[in-house]
Amino acid sequence: MGRITDFITSLASSLWARILDNKGKVTSTGGFLLGIALTLAFKDFYPDLEASYRRQLRQLRGARSIPHPAPGQVDYVRLEDHTRRNSKALVTDTADARRTHDDEHMVPEGIEGLIGNTPLIKLRALSEAIGCEILAKAEFLNGAGNSPKDRVALSMIEHAEAEGLLVPNRGDIVYEGTVGSTGISLAAVCRARGYRAHICMPNDVSTEKVDLLSKLGAKVERVRPASIVDQEQFVNLARRRAEEHSASSHQPGKGFFADQFENPANYLAHQASTGPEIYAQCDGRLDAFVAGAGTGGTISGVALALKPLLPEMKVILADPQGSGLFNKVKYGVMFSATETEGTRRRHQVDSIIEGVGITRLTANFEAGMHLIDDAVKVTDEQAMRMARWVVENEGLFIGASSAVNLVAAAKVGEELGKGSRVVTVICDSGSRHLTRFWKAAGELEGDVGTIEDILNQV
């Protein structure tokens, strides 16, 4: 043992002599030997440094993209960067790197995991025709009911569960009055979470929506179109059906009236997710957000999320004919040429557009109304011609409310001019509008025309 110790001591002395000269300075040979020693030592330490660097970079990127919620509001969702990277670039030698790899390739759980984080796409042909960037939030890619109402349905159910109003697999039924999209989203989410859906809707909506609701297992109750002051109007009927269920001793569970028009879980869903997603996807650069309003949840929620961060950004309402919101935003008076708030009772036949446009103020619209800067009126013919133009030039088959949004977005983009960026929403597919909107659009005479022809159409 002593010999080994003497040998090691002698070897160390020899190496040290080669590293330092008699004046204590590092020799050229010593520098080379030190370099080898440091390299051998550092190679085991390097993966930990790289993993730490990547972790800090992710934290900085995440902190930059997540706005803070307003006091009293729900927390914003965590926005992750899901861009796929070359697997060879991933450090897999440490536990931290393996956790990073797993997080970035996490498998969504259930249909709830397919709601939100929809892509923002640039409409190339429309952008070129207008001369500015027209970006569309592809909400039809939500994975439950394929519309922005997926966010709303999940939010309303989760809020009700948190308050003890809904209990899974107890026999509870969710009741809602809707023209289609919210009902479809509710029917899908209810099935996934242990509830059933009872949907009340006007009898003049497209049959595709009714068929889809039935296939999703929802009970559909169709009634004649009526004003909100009529107790048989579809929203009022849904409320009454929920009350009857809860009061019944013969039905299991409870009835829950989702109340999408007045339930704040509607706009909070968009404030918490849609708005922050748009901000992150645009890198914080957009000049205008354009959207229609049915319940008002989308435009209010997105406005509440974006305006504090981008005070110069314009929020523009896209409103179809027959709706009173255009005049409310422009002139402060709820009025349509065909209807006065609270008095009309006859069948509304003045617009073929489903899903947007209303002649009363809802709690969700009022939540963000003060942030809406202007409004654009869109006619049925403009919407139908825009839908056909988008099919022919973008390959996108869109629904009625999406066509209204795109007409308004094009008008706003034209006004803002070159270099501007306008964001709007593609809500759902045209496949839900075949028997009404697209039937009428197919019967329009003549060519679709140019974008200028569409925008100038009266």
Side-chain angles (χ1 to χ4, degrees), residues 69 73-80 82 106-119 137-170 172-199 209 212-213 216-218 238 242 254-278 291 294-302 304-305 355 362-364 367 425-428:
Q73 305 298 342
V74 295
D75 291 339
Y76 283 98
V77 294
R78 174 71 184 271
L79 301 178
E80 300 288 352
H82 293 288
M106 187 177 295
V107 176
E109 183 175 345
I111 62 169
E112 297 97 327
L114 300 176
I115 296 174
N117 293 311
T118 56
K137 188 74 166 147
E139 287 293 276
F140 64 94
L141 295 179
N142 279 300
N146 310 124
S147 81
K149 298 301 185 181
D150 281 5
R151 301 177 190 260
V152 176
L154 182 59
S155 178
M156 292 191 299
I157 288 176
E158 288 183 335
H159 277 73
E161 288 175 339
E163 295 173 12
L165 301 175
L166 284 173
V167 177
N169 303 310
R170 183 177 65 178
D172 293 353
I173 297 179
V174 176
Y175 294 82
E176 184 59 294
T178 170
V179 296
S181 291
T182 303
I184 293 167
S185 295
L186 277 172
V189 176
C190 280
R191 279 298 186 187
R193 297 180 80 91
Y195 311 108
R196 289 181 294 151
H198 183 124
I199 305 301
K209 295 179 181 179
L212 183 53
L213 281 166
L216 285 169
K254 300 292 183 181
F256 172 70
F257 175 47
D259 199 13
Q260 59 168 326
F261 291 90
E262 311 300 327
N263 190 336
N266 182 341
Y267 83 83
L268 288 174
H270 294 291
Q271 183 181 3
S273 62
T274 316
E277 287 171 23
I278 290 172
T295 64
T298 301
I299 193 168
S300 287
V302 172
L304 286 164
T362 67
N364 281 287
V425 180
I426 295 180
C427 307
D428 61 4

Answer whether the closest heavy-atom distance between the side chains of I157 and L186 falls below 4.5 Å. yes
Please report the closest heavy-atom contact between C427 and P148, naming both atoms and the distance. O-CD, 3.3 Å
Looking at OG of S181 and CG of D428, how far apart are the two atoms once the value is rounded to the nearest 0.5 Å? 4.5 Å
Considering all heavy atoms, the nearest A265-S155 contact: O-OG, 2.8 Å
Distance from H270 atom NE2 to L304 atom CG, nearest 0.5 Å? 11.5 Å
Which value, rounded to the nearest 0.5 Å, describes the distance between N117 atom CG and E277 atom CD? 4.5 Å
Taking every non-hydrogen atom, the tightest pair across Y267 and S300: CB-CB, 4.3 Å
Given L216, T182, L213, the one that forms side chain to side chain contact (heavy atoms under 4.5 Å, CB included) with I199: L213
How long is the straight-line distance from NE2 of H159 back to CG of L154, given to the nearest 0.5 Å? 10.5 Å
To the nearest 0.5 Å, how far apart are CD1 in I426 and CD in E139? 10.5 Å
Is there a side-chain contact between V152 and S185 (heavy atoms, below 4.5 Å)? no
Show the nearest heavy-atom pair for residues A144 and I115, with the distance to one decimal. CB-CD1, 4.1 Å
Rounding to 0.5 Å, atoms OG1 (T274) and CZ (R151) come to a distance of 3.5 Å
Can Q260 and N263 be counted as having a side-chain donor-acceptor contact under 3.5 angstrom? no
Between P168 and E161, is there a side-chain heavy-atom distance shorter than 4.5 Å? yes
Is any side-chain heavy atom of D172 less than 4.5 Å from a side-chain heavy atom of V167? yes
Minimum heavy-atom distance F256-L166, with the two atoms named: CB-CD2, 3.6 Å
State, to 0.1 Å, how close C190 and V174 come at their nearest heavy-atom pair, and which atoms those are. SG-CG2, 3.6 Å
Quick one: which of N364, T362, T178, N266 gives a side chain to side chain donor-acceptor pair (under 3.5 Å) with T295? N266
Pairing of K149 and E176 as salt bridge, 4.0 angstrom limit: no
